Each structure stands twice: as structure tokens, then as C-alpha cells.
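What you are looking at is a predicted structure, and each value in this text was computed from that prediction instead of being measured.
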Amino acid sequence: MTGARRKSRAVALQILYEVDSVGHKPEEVIQHTLAGKALIEENIEFVKELVSGVIDNKKQIDANIKKFAPSWPIAQIAVIDRNILRLAIFELLFDNKTPIKVAINEAVELAKNFGSDSSPRFINGVLSSVSSLATRQQNGG
């Protein structure tokens with residue numbers, strides 16, 4: 001299950017990267033990207049949920065990136081890192097279906113696989129700060 005969800009996150013990241021970097025319509029990118037992937041229906045739905053969740057909450061997610069990475073203007077964060085952060089912050093603060101440690105670990109793994117050498121440390125640092133807010137939210141505070 002973990003491997004399938006990790007693969008789904010990587011597909012969601014690929015879609016978000018294309019939407020962010022080239023400006024293609026999310027629905028079209030989802031359709032053509034998923035057409036080339038061998039995913040079961042449950043994982044296809046997970047990909048769609050992640051992508052639409054990030055897109056629907058992008059303004060609030062980006063506000064959290066600005067808050068927790070104040071030295072880094074959103075536009076100056078590498079496209080891949082920016083979208084890994086968006087994906088993880090969606091899972092941490094908006095979706096609340098993934099345990100905090102799992103969401104952070106998955107984001108760091110995506111950073112190791114797709115980002116630069118400094119990406120995992122950057123992603124982990126920002127998300128560690130975000131996790132305190134996520135913990136407060138989950139505890140009703």
C-alpha cells in the first residue's frame with residue numbers, strides 16, 4: 001500500500017509540476033498523465049484528490065509556505081520543491097488523512113528522488129515547522 005501511495009504522490013507531483021511550470025489546465029494534465037500510468041482506481045482517485053486539493057487551496061498553502069519559509073519568496077523556490085511543499089502542506093493542514101510523520105517522510109522521499117541535493121533538507125525544515133501547526137489543528141487548538 002505504501003509503495004502504491006508513494007507512486008500516486010509522485011504522479012500528483014508530476015501533474016502539479018506541469019501545471020505550475022507550463023500553465024496547462026489541470027484537468028487536461030491529469031487526463032493525459034493518468035492515461036500513461038498503471039494505477040488502480042483507488043490510487044487514481046488519490047492522485048486526483050491530491051491535485052485538486054492543492055489547486056483548490058493553493059492560495060492558503062502558499063501563504064503557509066511564506067510563513068514557514070520567510071527567506072524564500074515563492075517564485076524563487078525551485079518548481080519541484082515548491083510543488084513538493086504544496087503537496088505535503090495540503091496533506092498536513094487540509095486533508096488530515098495522512099499522519100504528520102508519514103506526510104513529511106513522503107515529501108522528503110519525493111525531494112530525494114526529484115529535487116536537488118539540498119531539497120530534502122529544505123523540505124524537511126519547512127515541513128517540520130508546518131507540523132507544529134498541523135499538530136495544533138489535529139488537537140483542536
**Request:** Quick one: do W72 and F122 satisfy side chain to side chain contact (heavy atoms under 4.5 Å, CB included)? Show the steps, please.
**Result:** CA-CA 11 Å; W72 292 92; F122 174 67; 3.6 Å; yes

**Request:** Given side chain to side chain contact (heavy atoms under 4.5 Å, CB included), test V51 with K48 step by step and report yes or no.
**Result:** CA-CA 5 Å; V51 172; K48 290 178 179 178; 6.0 Å; no

**Request:** Using the side chain to side chain contact (heavy atoms under 4.5 Å, CB included) rule, take I84 and I80 through it: C-alpha gap first, then chi angles, then the decisive distance, then the call.
**Result:** CA-CA 6 Å; I84 292 170; I80 198 73; 4.2 Å; yes

**Request:** I would like to know whether V47 and I30 meet side chain to side chain contact (heavy atoms under 4.5 Å, CB included); could you show each step before the answer?
**Result:** CA-CA 9 Å; V47 169; I30 289 169; 5.6 Å; no

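With N105 contributing its side chain and K101 its backbone, the two residues share no donor-acceptor pair below 3.5 Å. When atom types are taken as modelled, the side chain of S132 and the backbone of S129 share a donor-acceptor pair closer than 3.5 angstrom.
In this structure, CG on L110 lies 11.0 Å from OG on S119, to the nearest 0.5 angstrom. Interatomic distance, L87 CG to L13 CG, rounded to the nearest 0.5 Å: 6.5 Å. Interatomic distance, NZ of K25 versus CD1 of I55, reported as 12.5 Å (0.5 Å rounding). Between the CD1 atom of I61 and the CD atom of E91 there is a distance of 10.5 Å, given to the nearest 0.5 Å. Note that CD1 of I74 and NZ of K58 are 9.0 Å apart. Values are rounded to the nearest 0.5 Å. The structure places CD of E18 at 10.5 Å from CG of L16, a figure rounded to the nearest 0.5 Å.
A salt bridge links E106 and R6; the closest N-O separation between the charged side-chain nitrogens and carboxylate oxygens is under 4.0 Å. Ion pairing between R9 and E109 fails under the 4.0 Å rule for side-chain N and carboxylate O. Between D20 and R86 there is a salt bridge, since at least one side-chain N of the basic residue sits less than 4.0 Å from a carboxylate O of the acidic one.
No side-chain heavy atom of I65 sits under 4.5 Å from any side-chain heavy atom of V126. Residues R82 and V79 meet the side-chain proximity criterion, which asks for heavy atoms closer than 4.5 Å. Residues E49 and D95 form a side-chain contact, since some pair of their non-hydrogen atoms from C-beta on lies under 4.5 Å apart. The shortest side-chain heavy-atom distance between L127 and I89 falls under the 4.5 Å cut-off.
Here the shortest heavy-atom pairing between A38 and K7 reads O-NZ, 3.6 Å. Contact detail for A88 and A107: the closest heavy-atom pair is CB-CB, 3.7 Å. Of all heavy-atom pairs spanning P26 and V19, the tightest one is CA-CG2, 3.8 Å. The two residues P120 and S116 come nearest to each other via the heavy atoms CD-O, 3.4 Å. Of all heavy-atom pairs between S8 and F46, the closest is CB-CD2, 3.5 Å.
Atom CD of E45 has more than 12 heavy atoms from other residues, nucleotides or ligands within 6.0 Å.
Side-chain polar atoms of E27 and H32 form no donor-acceptor pair below 3.5 angstrom. Side chains of S131 and S128: a donor-acceptor N/O pair is absent below 3.5 angstrom, by distance only.
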